[in-house]
Amino acid sequence: MSTPETTCRCLVFGCSGAIGSAVCRILAREGAEVALTYNTGEAAATSLSEELGGSLIQQCDLSSMDDIRKVVRHAAQELGGLDALVLAAGIVGDPAFYECAAPGNYGSLEKISAADFDEMMAVNVRGSLAACQESAPFLREAGGGNIIVIGSIDGIKPVPSPVHFASSNAALRGMVEAMSKELGNYNICVNLVAPGILDAGSSRVLSSAVTDSYLEHCSLLRFGTADEVGELAGWLALNNTYVTGQSILLDGGL
């Protein structure tokens, strides 16, 4: 496990997204060695890697167990081990489902196909689990570390949301809680960061009915930012030694 005198070695899945890129910048700002992964956002990921001084960058499809295994092992080899894993990758599905899930609409329940559900769970849940499974041995070898999963408010609070997306995020919460018990003996902390609506990223698929209602009930009367999520995830990766098994909401007091 890294100490104030050593450099934290971090692997971040999903560096091309708004949250993932914010996490990478904050980790690099604090002196961490960061390995990046992306799936389809090659241009954004390449630009970020150059911005951070040539960080290791790899393509990874979270639905592919082979991709995940190769990416984690190569990152650990290149960095000389791992001290932190940040999972900021995932899918939100068809934007049409979010329109259906707006307040007052009938919702997405009857419109979700088995294929829609299976894809959501394969990427957001099974892929995240596989990344943790592959990373855990390296964290143990380092004497401990941190796993941070970026989820969503949808898996914690009853908010308007497509059912399969909310289901995948609720599964992440259970996964984090169970892993914290299993990995605590190895000094590995596991936590979920659950943002509400942000002013960037996948929140842009939401309808005005959802976003207007959010602002009406949010104590801070504004959306969150990717940097605010990144600062929390970065602190957990670099400084956390005792917070584990928690789902931390960043919703501005909804």
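Quick note: numbers below take in every heavy atom, side chains included, and nothing from hydrogens, waters or symmetry partners.
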**Asked** Are V210 and Y98 side-chain neighbours, meaning at least one heavy-atom pair lies under 4.5 Å?
**Response** no
**Request:** Hey, can you tell me if F97 and H164 have their rings parallel, tilted or perpendicular (30° and 60° cut-offs)?
**Result:** perpendicular
**Request:** State whether the number of non-hydrogen atoms from other residues, nucleotides or ligands found under 6.0 Å of E78 atom CD is greater than 12.
**Result:** yes
**Asked** With a 4.0 Å cut-off, would you call E33 and R9 a salt bridge?
**Response** no
**Asked** side chain to side chain contact (heavy atoms under 4.5 Å, CB included) with L192: which of I150, I156, I148?
**Response** I156
**Request:** Keeping the roles fixed (side chain from T46, backbone from E42), state whether a donor-acceptor pair exists under 3.5 Å.
**Result:** yes
**Prompt:** Between R222 and E228, is there a side-chain N and carboxylate O pair less than 4.0 Å apart?
**Reply:** yes
**Message:** Test salt bridge (charged side-chain N to carboxylate O under 4.0 Å, His left out) on R126 and E119; report intermediate values, then the result.
**Reply:** CA-CA 10 Å; R126 190 183 68 194; E119 180 186 27; over 6 Å; no
**NZ (K70) with more than 12 external heavy atoms under 6.0 Å** = no
**Asked** With distance as the sole test, does K111 use its side chain to make a donor-acceptor pair with the main-chain N or O of A96 at under 3.5 Å?
**Response** no
**Message:** To check you understand the geometry: which heavy-atom pair defines the closest contact between V190 and T244, and what is its length?
**Reply:** N-OG1, 2.9 Å
**Prompt:** Distance from L56 atom CG to Q77 atom CD, nearest 0.5 Å?
**Reply:** 10.0 Å
